[in-house]
Asker: 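Quick one: the structure is below, questions incoming.
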2 protein chains.
Amino acid sequence: MMHMKTGVEQSVYAILLLNMLPNKAVLPCEAISQLLSTSPTYFQKLLRKLVNADLITSVPGVKGGFKLTKRPENICVYDIYQAIEGQKSLYSSSGILGDMLELKQEESCCLLTGLMDEAEYAWKLVMKRETIAALAEKMKEQPFRLKTEELQRWVQEKMVA
Amino acid sequence: MMHMKTGVEQSVYAILLLNMLPNKAVLPCEAISQLLSTSPTYFQKLLRKLVNADLITSVPGVKGGFKLTKRPENICVYDIYQAIEGQKSLYSSSGILGDMLELKQEESCCLLTGLMDEAEYAWKLVMKRETIAALAEKMKEQPFRLKTEELQRWVQEKMVA
DNA sequence: GTACTTTTACTCGGATACCGTCTGTCCGAGTAATTATGG
DNA sequence: CCATAATTACTCGGACAGACGGTATCCGAGTAAAAGTAC
């Protein structure tokens, strides 16, 4: 129903978790997926997309796992969205007008494309504003503060190296 | 992949067609779907949604069909989008943060909802700007003008009453 | 010619099927730290 | 003790199954204009 996949939300929280790691430490997929109550094997594929987008780094082998590639100030919600959902537009013309008017292929002729692109741009602009650093700050505020500290301890416990 | 359905685009063009009708005249579903190269029986269900949204009116019986309910200046692209896609948000939290922090149900606790709502608002705002009247004007401009006049004649031919 | 019936051409709405995408699962392969083994 | 081999715990990536939503198809029902029929 034109809905954002849950993978985006999961990825955001995964990155917020990785942001709690001390330098050089990593968190294995298994631990994260357990906290997010999702399937480890599928969640790995999401992490893979984040790796491909150069948002996180993967370390193979025993004591392996994932960690952030960049500073949290340099990761915005849109980056994560794009990594998971790809760069396809929300709208792309099916060429109906072209068929209706029997135009040649080379004449691009959608009355909506320009408008929709603009709308999508406005939408993405808002997602580019919010960074992981800002979200992490919000987690430290009330009423999440206590629980977030608890979460920090959980991360310390599950992390390796 | 988080993509707008083609039904929205088809509906926009259908309404542009209905906008070409003289007063009191209607256009049957069969004719429209034929022009849009889509399945008549399914397209009827789209038209039904537009009727429910009070954008168009249906006339049953022989010489029946569909026509606009409002003036084209009072129909915007967003109205059509909403009629087809419903009013569900692009994003809705799956409550992951709540689970992670083990919060109670009543504490709404999604870090993304506020941001995403704002983004969606910006997106819809652009779609609310463009009216059917404006799109119809664009069709009368070059390089569509000649073909649009041809389309007008086609509508005259297929309309009833 | 008028009243009534039948036909016809539409809309209405439910049931169902197909297909692509998202999610979930399984498996074999790669990698590197740890442990075991042999001298 | 040191070098090498085996084990272990991860990531990597492909293949495949299940669920779900959008699209498409079929059917019977409702509705009203047109056509046919009876008197």
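In what follows, every chain begins at residue 1, and chains take the letters A, B, ... in the order their sequences are listed.
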Asker: Can you tell me which nucleotide in dT8(D), dT11(C), dT25(D) comes closest to the side chain of S39(B)?
Answerer: dT25(D)

Asker: Taking OP1 and OP2 of dT23(D), is either one under 4.0 Å from a side-chain nitrogen or oxygen of T38(B)?
Answerer: no

Asker: Using a 4.0 Å heavy-atom cut-off across all strands, classify Q44(B) as base, sugar-phosphate, or nothing.
Answerer: base

Asker: Which nucleotide wins on minimum distance to the side chain of K5(B), given the candidates dG13(D), dT11(C), dG22(D)?
Answerer: dG22(D)

Asker: Side chain of P28(A) only, heavy atoms from C-beta on: which candidate in dT11(C), dT11(D), dA9(D) is closest?
Answerer: dT11(D)

Asker: Measure from the side-chain heavy atoms of Y42(B) and tell me the nearest of dT11(D), dT25(C), dA24(D).
Answerer: dA24(D)

Asker: Between P on dC10(C) and CZ on F43(B), what's the gap in Å once rounded to a whole number?
Answerer: 15 Å

Asker: Would you say a side-chain N or O of K63(B) is under 4.0 Å from OP1 or OP2 of dA9(C)?
Answerer: no

Asker: Should T131(A) and E73(A) be marked as a side-chain hydrogen bond (donor to acceptor under 3.5 Å, both in side chains) after you check the CA-CA gap, both sets of side-chain angles, and the distance that decides it?
Answerer: CA-CA 6 Å; T131(A) 67; E73(A) 303 86 45; over 6 Å; no

Asker: Is the Y81(B)-W123(B) ring centre distance short of 6.0 angstrom?
Answerer: yes

Asker: From the set dC12(D), dT8(C), dA32(C), return the single nucleotide nearest to any side-chain atom of V62(A).
Answerer: dA32(C)

Asker: Using whole Å, report how far NZ of K88(B) lies from C1' of dG22(D).
Answerer: 13 Å

Asker: How many Å lie between CD1 on I96(A) and P on dT23(D), as a whole number?
Answerer: 10 Å

Asker: For K70(B), I'd like to know if atom NZ has over 12 heavy atoms of other residues, nucleotides or ligands within 6.0 Å.
Answerer: yes

Asker: Is the shortest side-chain N/O distance from S58(B) to OP1 or OP2 of dC12(C) below 4.0 Å?
Answerer: yes

Asker: Whole Å only: how far is the CD atom of E30(A) from the C1' atom of dT8(D)?
Answerer: 15 Å

Asker: Which of the following nucleotides, dT11(C), dT11(D), dT23(C), is nearest to the side chain of C29(A)?
Answerer: dT11(D)

Asker: Is any side-chain heavy atom of Q10(B) closer than 4.5 Å to one of I96(A)?
Answerer: yes

Asker: Between M1(A) and T41(A), which residue's closest nucleotide on DNA chain D lies nearer the 5′ terminus?
Answerer: T41(A)

Asker: Side chain of R48(A) only, heavy atoms from C-beta on: which candidate in dG13(D), dC12(C), dT11(D) is closest?
Answerer: dG13(D)

Asker: Regarding V59(A), tell me which of base, sugar-phosphate or nothing describes its non-hydrogen contacts under 4.0 Å with the strands shown.
Answerer: sugar-phosphate

Asker: Starting from P on dC22(C), measure out to CE on M2(A) and report it in whole angstrom.
Answerer: 13 Å

Asker: On a plain distance test, is the side chain of K45(B) in donor-acceptor contact with the base of dG14(C) below 3.5 Å?
Answerer: yes

Asker: In whole angstroms, how far is the P atom of dG21(D) from the CD1 atom of I84(B)?
Answerer: 17 Å

Asker: Using atom CG of L50(B) as one end and atom P of dG13(C) as the other, report the distance to the nearest whole Å.
Answerer: 14 Å

Asker: Rounded to whole Å, please give me the gap between NE2 in H3(A) and P in dC22(C).
Answerer: 13 Å

Asker: Are side-chain heavy atoms of M100(B) and L35(A) found at a separation under 4.5 Å?
Answerer: yes

Asker: Are E118(B) and R129(A) within salt-bridge range, i.e. N to O under 4.0 Å?
Answerer: yes

